[in-house]
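Numbers here are sequence positions counted from 1.
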Amino acid sequence: MAKKDWSGILFFISGVILFGFTSVGTVVSMSFLEGWSNPPGKYWSAIQQGRLMFPMIFSWVLMSVGLVFIFSNELKNLYIRLSN
């Protein structure tokens with residue numbers, strides 16, 4: 001495996017772990033919510049009140065970058081095949 005594959009695996013696993021901890025923190029803080037409006041729902045209200053939006057989005061970015069690194073060779077081959 002190339003270094004790019006290992007870094008992709010590391011990014012993806014880091015994103016999954018960060019997403020898991022953020023989700024656990026959100027679920028724990030949902031029980032302490034006093035009020036929440038219906039359109040965003042209780043889960044997103046807990047994310048907004050707990051200021052967990054940045055870690056949530058950052059975990060999505062880490063997972064996406066990891067997947068791009070892991071499948072970079074396949075994406076390159078697909079681009080070459082489609083450009084011809």
So how far is it from Glu74 CD to Arg81 CZ, rounded to the nearest 0.5 Å? 10.5 Å
Mind checking whether [X] and [Y] have side chains closer than 4.5 Å, heavy atoms only?
| X | Y | value |
| --- | --- | --- |
| Ile57 | Trp60 | yes |
| Met63 | Phe11 | no |
| Trp6 | Leu10 | no |
| Ser23 | Tyr43 | yes |

Other cluster members, Leu78 - Ile/Leu/Val/Met/Phe/Trp/Tyr, side-chain contacts below 4.5 Å: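 In the cluster with Leu78 are Leu82.
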Is there a donor-acceptor contact under 3.5 Å from the side chain of Ser45 to the main chain of Lys42? no
Restricting to non-hydrogen atoms, name the atom on [X] and the atom on [Y] that form the minimum distance, rounded to 0.1 Å.
| X | Y | result |
| --- | --- | --- |
| Leu52 | Thr26 | CD1-OG1, 3.3 Å |
| Ser29 | Ala46 | OG-CB, 3.8 Å |
| Lys4 | Phe69 | O-CB, 3.7 Å |
| Ile47 | Met53 | CG2-N, 3.7 Å |

ILVMFWY cluster, Ile13 and Phe21 together (side-chain gap under 4.5 Å):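 Yes, one cluster joins them.
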Membership question, hydrophobic clusters at under 4.5 Å side-chain separation (ILVMFWY): are Ile17 and Ile70 in the same one?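 Yes, same cluster.
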